[in-house]
Number of protein chains: 2
Amino acid sequence: MRIVVARCQVDYAGRLTAHLPLALRVIMVKSDGSVLVHADGGSYKPLNWMSPPCTLREGVAEDGVVEWTVTAKKTDDTLRIRLEEVIHDSEHELGVDPGLQKDGVEKHLQELLAEHTSALEDGMSLVRREYMTAIGPVDLLCRDAAGGSVAVEIKRRGEIDGVEQLTRYLELMNRDPKLRPVRGIFAAQEIKPQARTLAKDRGIDCVVVDYDDLRGLDDPSLRLF
Amino acid sequence: MRIVVARCQVDYAGRLTAHLPLALRVIMVKSDGSVLVHADGGSYKPLNWMSPPCTLREGVAEDGVVEWTVTAKKTDDTLRIRLEEVIHDSEHELGVDPGLQKDGVEKHLQELLAEHTSALEDGMSLVRREYMTAIGPVDLLCRDAAGGSVAVEIKRRGEIDGVEQLTRYLELMNRDPKLRPVRGIFAAQEIKPQARTLAKDRGIDCVVVDYDDLRGLDDPSLRLF
DNA sequence: CAGTAAATTTCGCCG
DNA sequence: CGGCGAAGTTTACTG
């Protein structure tokens with residue numbers, strides 16, 4: 001990884017055209033050739049960048065200024081960096097990273113709810129997790145206290161897209177005589193008002209689930225720190 | 001901006017729990033307090049990070065290792081970085097960045113299509129751009145050669161979500177006696193087969209538009225390089 | 001490899 | 001400040 005701090009101008013042409021006026025910035029060149037141009041603020045997104053696979057060619061512009069041209073391997077995307085003044089330039093061998101270990105995403109929420117379907121509704125039992133349909137897997141297929149089929153869509157944050165998704169599943173499943181009638185439950189840690197309104201309009205029930213509560217029902221096992 | 005290259009371990013607890021095993025990485029500390037932990041590969045997304053506003057507290061762990069604790073101002077998100085070995089550590093005053101100048105996004109495509117509605121269909125005329133409905137603005141409301149209302153949804157890349165969005169608008173607009181009947185046109189620089197199929201199923205026409213052609217119809221003005 | 005959904009999404013606009 | 005949609009989204013998963 002090469003790290004350069006420089007007063008620079010940047011132009012990008014590809015899926016859009018963009019320009020960065022002359023200013024001091026940090027440029028990271030990763031070993032796979034990818035380049036990030038960072039300012040001293042904003043979030044983790046660089047001002048401009050080139051994703052791998054790409055190649056960096058170091059050259060000199062007509063006016064004598066050092067100019068980097070980064071071109072994408074497949075597309076004709078181009079990033080041009082004019083380095084007017086280099087403040088810092090260093091290279092570091094980092095090696096391959098072991099990578100991030102995650103915990104707590106939707107998948108885990110789905111596992112917990114599959115184990116504790118009663119948290120969705122009294123008398124609810126699990127039929128199948130990841131019940132396959134022609135257009136994709138339904139998170140949970142359940143049977144309610146009255147013996148009716150229930151399709152459950154689980155999200156961390158419940159928004160309109162999730163309701164649309166569940167609606168498509170329900171439409172399809174209700175064409176199947178062996179399942180029909182199937183009603184829907186939209187379960188999430190948090191449900192946006194718009195999603196709740198749309199769900200109500202579609203006859204879909206909303207259930208807000210607490211991740212920590214569900215975890216408490218479970219074996220209180222590993223916590224990272 | 002502070003740049004540190006170090007052999008480090010990272011733990012994050014917040015919206016999820018995550019861990020990075022001991023390895024050499026680059027750590028950027030921006031002047032707003034935000035922290036990025038980068039590996040020497042992958043795209044522009046850091047392995048782990050903390051978004052501003054947040055505060056960094058430098059301390060020493062029980063075993064004597066330097067440990068940074070970054071905490072978010074509002075939430076209780078915490079990023080803990082154990083710096084086992086520091087290879088590089090430098091600070092640079094970058095100042096405020098003038099920011100990125102963009103060109104060529106969906107907004108521009110919408111402007112161009114609003115100016116040249118005939119590119120959508122012969123005899124088409126514009127009624128309103130960003131026509132407001134209760135659930136959001138329709139990109140273009142037009143009138144076709146026969147005098148019928150047409151709602152146009154514009155995307156750079158036409159995918160299923162866009163068709164769903166237009167469907168919701170159409171459903172709502174067709175309840176309005178003053179507008180009814182309204183048909184839909186899904187316009188994009190590229191339309192995925194699945195989106196095209198869904199659109200056809202919903203009675204929505206698809207139009208592929210060429211950004212450069214539209215631009216050619218326009219005043220051939222500024223190009224950045 | 002393509003297609004689809006999630007993301008500690010981030011970013012920008014508009015009320 | 002919150003809601004909502006776009007993004008040069010990126011990333012992960014699945015068929």
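Chain A is the first sequence line, chain B the second, and so forth, proteins listed ahead of strands; every chain is numbered from 1.
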Asks: What does nucleotides 9-15 of chain C look like as a protein-contact string, B for base, S for sugar-phosphate only, - for none, at under 4.0 angstrom between heavy atoms?
Replies: SSS----
Asks: Once ring pair (Phe, Tyr, Trp, His ring centres under 6.0 Å) is applied, do any residues pair with Y44(A), and if so which ones, sequence neighbours excluded?
Replies: W49(B)
Asks: Examine dT4(C): is either OP1 or OP2 under 4.0 Å from a nitrogen or oxygen in the side chain of R168(A)? Give yes or no.
Replies: no
Asks: Under 4.0 angstrom, heavy atoms only, what part of the nucleic acid is M50(B) near: base, sugar-phosphate, or nothing?
Replies: nothing
Asks: Whole Å only: how far is the CD1 atom of I154(A) from the P atom of dA5(C)?
Replies: 16 Å
Asks: Sequence neighbours left out, cut at 3.5 Å: what donor-acceptor pairs do the side chains of residues 32-43 of chain B make with other protein atoms?
Replies:
{"unit_1": "D32(B)", "atom_1": "OD1", "unit_2": "S34(B)", "atom_2": "N", "d": "3.1"}
{"unit_1": "D32(B)", "atom_1": "OD1", "unit_2": "S34(B)", "atom_2": "OG", "d": "2.7"}
{"unit_1": "H38(B)", "atom_1": "ND1", "unit_2": "K30(A)", "atom_2": "NZ", "d": "3.0"}
{"unit_1": "D40(B)", "atom_1": "OD1", "unit_2": "S31(A)", "atom_2": "N", "d": "2.7"}
{"unit_1": "D40(B)", "atom_1": "OD1", "unit_2": "S31(A)", "atom_2": "OG", "d": "3.4"}
{"unit_1": "D40(B)", "atom_1": "OD2", "unit_2": "M1(A)", "atom_2": "N", "d": "2.9"}
{"unit_1": "D40(B)", "atom_1": "OD2", "unit_2": "S31(A)", "atom_2": "OG", "d": "3.4"}
{"unit_1": "S43(B)", "atom_1": "OG", "unit_2": "S51(A)", "atom_2": "OG", "d": "3.3"}

Asks: Can Q189(B) and R157(B) be counted as having a side-chain donor-acceptor contact under 3.5 angstrom?
Replies: no
Asks: For a quick check of understanding: with a heavy-atom distance under 4.0 Å over all strands, which category does Q194(B) fall into, base, sugar-phosphate or nothing?
Replies: sugar-phosphate
Asks: For a quick check of understanding: with a heavy-atom distance under 4.0 Å over all strands, which category does L47(A) fall into, base, sugar-phosphate or nothing?
Replies: nothing
Asks: Would you call T69(A) and L56(A) a side-chain contact if the rule is heavy atoms closer than 4.5 Å?
Replies: no
Asks: If you define the side chain from C-beta out and look only at heavy atoms, does anything of L140(B) sit under 4.5 Å from L113(B)?
Replies: yes
Asks: Do D77(A) and Y12(A) meet the criterion of a side-chain donor-acceptor pair at a distance under 3.5 Å?
Replies: yes
